[in-house]
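To start, the structure itself, in structure tokens.
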Amino acid sequence: MAGRKKTSGETAALHKYLQALESKAQRQVPGYRREQVIERVNEQVNHGSRASLNTSTVGEWIIEGRTPRDFATLWAFVKAMLQAITVGQNPSPAWWMEKESECKGLWEAARQLRRATSGLALAMDEDQHARLVPHYLRAVEQAVAYHPYPGVLPGSPLPPLRQVYVRRRVTTPARPGTGDQERRCPAEEILTTQGRIVLLLGGPGAGKSSFLRASLITLAEQWASGAGRGSVPVYIPAHFLTQEGVLGEQLARAVQSQIKGRDSPPLPASFFTGPPLPGSRWLILVDGLDEIPDATERIDVLLRLASLPRDRYELLIASRPLPEEQLSALGPADHVVRFDLLPFDPRQLPDFAKSWMMAAGVNDPERAVAKLMSQAVRPPLDKLATNPLLATIMCQLHMHNVDSPLPASRYGIYQHYADLLVDHLDGRLHNRMDSRLVKRLAGHPGLLFQLRGRLLSELDELALLHMRQDVPTALEPLMERVADLRPHTLRAEDWHSVVTDLLHATGLVTVHGTRVDFLHRTLAEFLAARYVAADADLSKSAFQQLFGRWWLRPLRLRKGSGESMYGRMLIAAWLASPRHPRALLDVLRRLAARDGTVGRVAELACDGASLPQEIRNLARSRCHQTATTTMSPGEMKLIESLGGDPSTELEKLTSRRIRAAQMLVDLGDERGRDLLQMITFDTTLPDIVRFEVARTLAYQGGERAGDLLEILARDTELNGDHRVLAARQLAIMDPSKGPLPNKHGVDLLELLARDITLHILNRVEAAAALNRYDGERGRDLYDAATRDLDLFARDIRADSRLRVASAVWLANVRYSGAVNLLASLVRDRTLRRTHRRRAERKLAELGVHHGPPSHKKG
């Protein structure tokens, strides 16, 4: 076995070389395209004969790790890439000889090892592959359904994911210049996106992993029932994509770690190399992209994923928000669909809590949920409870002691949970519940608790190192730090098992082979913050790192490191400690007094951090002053006389006012809601501004939010898009009495669907929403509006952008004539080229290729 592992690593050397070379070209060569390099190679004569390359062959080299048949063709391709990378550098002939020799050595080693290992694993034919797919799906579905949840006490009753999973909603931002509006939809609609890479972004604890796992279960069940279509899911934590091997090996390794111990045959790398079934593709669910610590390595992973052939692989990548320069590695905006995962709807919390209370066997679960909700409706818990991870931890704390009040801050919730984990672990050890651990350490009284204390301390430090990105999260350094506790009579294998079992029992980490992973990154951020706050020297260093030497800068966390939550945790830990850095309060005062930084103080207030009242008052005063600042006609005339645009300046001022009013709400100042309502009624402001403010108020609750939305939906002076959006928002808003959807919102949708003064695109949107909420009333209106939209899209007198937008809308709802309609628009030379290209891209998403793009001016 050892020999085979070594061979696998060495075989990947050429593959890794080619991947690294192309990644370098993608970073350094403007507009790099693999196809252009292949064209250049095919134009040259190499070793007396023309090289003949195509994208499929090169894709097999770079993506699948296949060994090229002849070196001349390989070197021609490598040389062309090196020439592109070294433009203007004029490398010497000796340098080229060295590069050719290096490439040939890698190629010869790969060929030799391929021959040596050709008999190790037989390739599967289509029938064997098809028979293995159901076994694979059954195994991963079971593994994912019962995967440990972060924030759950180890050893506690673990309900299936479906029992406690809450259906989520996502938003996709508007894309300037495309006509696409921002829209909110059920998260499940992500799975119907075809032809493009899907990126799901969400903050700490937002529930990204749970959504990916729930999606895997849903799709696996569809295939099991015979209803599966298109994509077969495969779940992979992102860090597996940084390991040795080609994609198929990485996927197989990740899946094997999930189904370990289950009755399923081992999966060879070839299982994931071709299509899972004839006519289908793999949907790769990549989890935790942001948890790849090295930014360069993260970009390399994205570049490799972006180059996967779309006829075999689809991508759904989940991550915390990352810098645009990293995410852009996935390709241009029209190839990537971005979704933001929205917080829990507060109305979902009672059912979520009840599921956990029943799973834990709590006496009188209805009473337990009522007591929890009586606390969760008050700030700051009302907002904190919309975070799935925090909601889970709150349920665990409440289940442990129903009559005890919950902590009133984010940091306090994690602190109580960490204490509960230690108490729970000690109780299990005292009661000899972990019999394997007790049995292995028989004859060594007290050692188990000594090891427990050491490991918990080491995990705190490991969490800090994880935040600093100084070391990989490896098991070996942790084993070395506790090696002095190992009894001489205990075999190394047994000691290893004791340490790993105890690590699992902490409820903070899991161990996979040689890797230690925190169950959730936010747990690591809390542990690191607590560890730093307890040490004066570490606090001093961290304080300078956060705020800079002169203290006037905002939280200066490393760009793209995803550490903003760690910074907030750290400040909360300092505020909860009497030994916080001396300059902390002075810095917070300065932050609270400035427009550009007061938002940091508002974030801390939202977290329930122990901010002194003086600092809260300073922040409220600053926000109220900004929110009530208006521009006089005289000032607007002065701006115009100086050559400025008064409308642009007014828009900027309004944005600042809205942000300041929202921060007032976060700071617990009810004046913020009053100011937001005033902005909603200001008819001089753009429609979208008024709608967004009304929607914000609706999410925050408040007695008048529904009235505001109804006023906007009925306002005939308002843009039709925003009237429909207001009615849709009202339909999903909690009514004062009666079931969802809100009847007022549904009535307004019907009114708008029948309003012939509105554009057909607005009417069909209203009819579609009405059909979703009340099929009996909406079905006929929706069918009629859809037919009218089809006629509009074919009307050569209509605006070309709106015609294409209509055809795209029809394609999104799977209208039967949408493909032919899009194809006719692509051929219509009276349309602008940008609009024809949008129709062409939509056809490509649907898997319909309509020839090369037209470059003639329309």
Side-chain angles (χ1 to χ4, degrees), residues 142-159 237 239-240 253-254 256-263 360 393 396 400 417-463 465-466 471-521 523-524 526-527 531:
Q142 293 170 353
V144 166
Y146 291 93
H147 189 274
Y149 303 103
V152 178
L153 294 173
S156 299
L158 199 62
H239 67 81
F240 278 94
R253 201 177 295 128
Q256 211 61 48
S257 72
Q258 298 162 36
I259 64 176
K260 188 177 180 180
R262 297 185 180 274
D263 185 18
I393 293 177
Q396 301 297 303
H400 182 70
Y417 179 65
D419 293 342
L420 183 59
L421 282 175
V422 174
D423 292 343
H424 183 74
L425 175 60
D426 288 351
R428 294 179 69 188
L429 296 180
H430 273 299
N431 296 326
R432 295 177 171 263
M433 290 176 67
D434 285 284
S435 56
R436 287 192 306 172
L437 289 170
V438 174
K439 184 178 179 181
R440 284 197 176 102
L441 292 184
H444 303 281
L447 178 55
L448 203 51
F449 285 93
Q450 189 179 0
L451 177 61
R452 184 276 284 166
R454 181 80 71 84
L455 283 177
L456 290 175
S457 175
E458 294 294 345
L459 285 179
D460 283 0
E461 188 171 355
L462 184 65
L465 293 172
H466 188 63
V471 296
T473 314
L475 177 62
E476 191 58 36
L478 203 59
M479 295 293 298
E480 291 175 1
R481 294 189 181 201
V482 297
D484 61 300
L485 296 179
R486 173 191 162 194
H488 296 297
T489 56
L490 195 65
R491 293 187 310 164
E493 294 83 356
D494 288 337
W495 178 247
H496 184 277
S497 296
V498 167
V499 174
T500 54
D501 286 351
L502 195 51
L503 284 170
H504 280 290
T506 63
L508 294 168
V509 295
T510 58
V511 180
H512 297 104
T514 61
R515 183 184 174 94
V516 180
D517 289 313
F518 285 92
L519 270 176
H520 200 280
R521 181 180 174 87
L523 289 172
F526 162 75
L527 293 175
Y531 181 68

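These values consider heavy atoms only, across backbone and side chains, with no hydrogens, waters or symmetry-generated copies. Along the sequence shown, residues carry numbers from 1. Please read these numbers as outputs of a predicted model, since none were measured by experiment.
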Side chains of Arg515 and Leu475: does their closest heavy-atom pair fall under 4.5 Å? no
Between Gln258 and Ala254, is there a donor-acceptor pair closer than 3.5 Å when you use the side chain of the first and the backbone of the second? yes
Contact summary for Tyr417 and Gly151, nearest pair of heavy atoms: OH-C, 3.0 Å
Spacing of Leu508 atom CG and Leu527 atom CG [to the nearest 0.5 Å]: 5.5 Å
Side-chain touch Val509/Leu523, heavy atoms, less than 4.5 angstrom: no
Is the backbone of Ser457 close enough, under 3.5 Å, to the side chain of Tyr531 for a donor and an acceptor to pair up by distance? no
To check you understand the geometry: which heavy-atom pair defines the closest contact between Val511 and His504, and what is its length? N-CE1, 3.1 Å
Nearest 0.5 angstrom please: Arg486 CZ to Leu451 CG, how far? 13.0 Å
Between NE2 of His400 and NE2 of His424, what distance do you get to the nearest 0.5 Å? 9.5 Å
How many angstroms lie between atom CD of Gln396 and atom CG of Leu421, to the nearest 0.5 angstrom? 9.5 Å
Could you report the tightest heavy-atom contact between Pro150 and His520, atom names first, then the distance? CB-CB, 3.7 Å
Quick one: closest heavy-atom pair of Val482 and Trp495, and the distance? O-CZ2, 3.3 Å
What heavy-atom pair brings Pro154 and Ala505 nearest, and what distance separates the two atoms? CG-O, 3.3 Å
In the structure I gave you, are the side-chain heavy atoms of Leu459 and Leu503 within less than 4.5 Å of one another anywhere? yes
Arg452 vs Thr506 side-chain heavy atoms within contact, under 4.5 Å: no
Within this structure, what is the CG-CG distance for the pair Leu420 and Leu153, rounded to the nearest 0.5 Å? 4.5 Å
Could you give the distance from CE (Met479) to CZ (Arg481), rounded to the nearest 0.5 Å? 13.5 Å
